[in-house]
Amino acid sequence: METELAALIADYWLRVDLRSAEPVDALYTEDGAFRAGALDLHGRAAIKSYFAKRNREQAALGRSTRHVQTNLHVQPLGPDRALCRSTVLVFAGTGDLPLQTPTPATIADAEDECVRSPDGWRFRSRRLTAVFIGPTVAGFVSPSA
């Protein structure tokens, strides 16, 4: 179970950071939710719309991100359900690679409720709570958002 959930989370961040053609919303249940700062998205359609817009805007701005997730703790809640907690470090910047970054843009606590579906493990909910923020923090995470 832990290996499969770690793979789900790694796939998620790969799709987010590389603006993959493989959609992020496909890793959620139909009624899935994503919460981070001022973002509060419910349902795959809302998640799909948000990430499509994010990908267009980041490509136009030349903004790059990398999310590093660590300290994964999996708490089984049954054979087909689990609660995952971890720490996410976000590095972000705009311009040509490689980018200089003095500190992470965000360090957040992640809490994921995951369920096993016919298509494999999926997120029922993802919640990211910022603990530290840096100068390149995303607008929706900032306290002024």
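Computed from a predicted model, the values in this text were never measured in an experiment.
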R122 vs Y28, side chain to side chain contact (heavy atoms under 4.5 Å, CB included): CA-CA, chis, key distance, verdict: CA-CA 5 Å; R122 295 293 180 259; Y28 284 86; 5.9 Å; no

Trace of the side-chain hydrogen bond (donor to acceptor under 3.5 Å, both in side chains) decision for T65 with R54: CA-CA 12 Å; T65 61; R54 175 195 180 271; 3.2 Å; yes

Residues R56, L61; criterion side chain to side chain contact (heavy atoms under 4.5 Å, CB included); working and verdict: CA-CA 9 Å; R56 286 190 307 272; L61 293 170; over 6 Å; no

Evaluation steps, side chain to side chain contact (heavy atoms under 4.5 Å, CB included), between F123 and I9: CA-CA 9 Å; F123 296 105; I9 293 167; 4.0 Å; yes

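No continuous path of hydrophobic side-chain contacts links L99 to V16 [ILVMFWY only; heavy atoms under 4.5 Å]. L72 and V68 fall into different hydrophobic clusters, where Ile, Leu, Val, Met, Phe, Trp and Tyr side chains are chained together by heavy-atom contacts under 4.5 Å. Linking ILVMFWY side-chain heavy atoms closer than 4.5 Å, directly or via other members, places V88 and I107 in two distinct hydrophobic clusters. Using a 4.5 Å cut-off between side-chain heavy atoms of Ile, Leu, Val, Met, Phe, Trp and Tyr, with links allowed through other members, I133 and F91 fall into different hydrophobic clusters.
In this structure, S64 OG and Q58 CD are separated by 7.5 Å, a value rounded to the nearest 0.5 Å. In this structure, the separation between CH2 on W13 and CG on L18 is 12.5 Å, given to the nearest 0.5 Å. The CG atom of D31 lies 6.0 Å from the CZ atom of R124; values are rounded to the nearest 0.5 Å. If you take CG on L27 and CG on D112, they are separated by 11.0 Å, rounding to the nearest 0.5 Å. Atom CG in L5 sits 5.0 Å away from atom SG in C114 (nearest 0.5 Å). In this structure, NE2 on H67 lies 12.0 Å from CG on L14, to the nearest 0.5 angstrom.
Checking T129, T106, L128 one by one against V141, the side-chain contact (heavy atoms from CB on, under 4.5 Å) holds for a single residue, T106. Screening T29, D80, L77 for a side-chain contact (heavy atoms from CB on, under 4.5 Å) involving V115 leaves a single residue, T29.
Between the side chain of T87 and the backbone N or O of N71, no donor-acceptor pair lies under 3.5 Å. A donor-acceptor pair under 3.5 Å is absent between the side-chain atoms of R116 and the main chain of M1, judged by distance alone. Without hydrogens or angle criteria, R126 side chain to F34 main chain gives no donor-acceptor distance under 3.5 Å.
The two residues L89 and P104 come nearest to each other via the heavy atoms CD2-CG, 4.4 Å. The nearest pair of heavy atoms linking A82 to V74 is CB-CG1, 4.2 Å. Among all heavy-atom pairs drawn from S125 and R35, the shortest one is CB-NH1, 4.2 Å. When every heavy atom of D25 is checked against every heavy atom of R44, the shortest pair comes out as O-NE, 3.0 Å. For A110 against Q69, the heavy-atom pair with the smallest separation is CB-NE2, 3.9 Å. Looking at every heavy atom in both residues, G134 comes nearest to T103 through CA-OG1, 4.1 Å.
Looking only at side-chain heavy atoms (C-beta outward), L8 and Y12 stay at 4.5 Å or farther from each other.
The list of salt bridge (charged side-chain N to carboxylate O under 4.0 Å, His left out) pairs with a residue in residues 85-103, not counting sequence neighbours, reads R85-E111.
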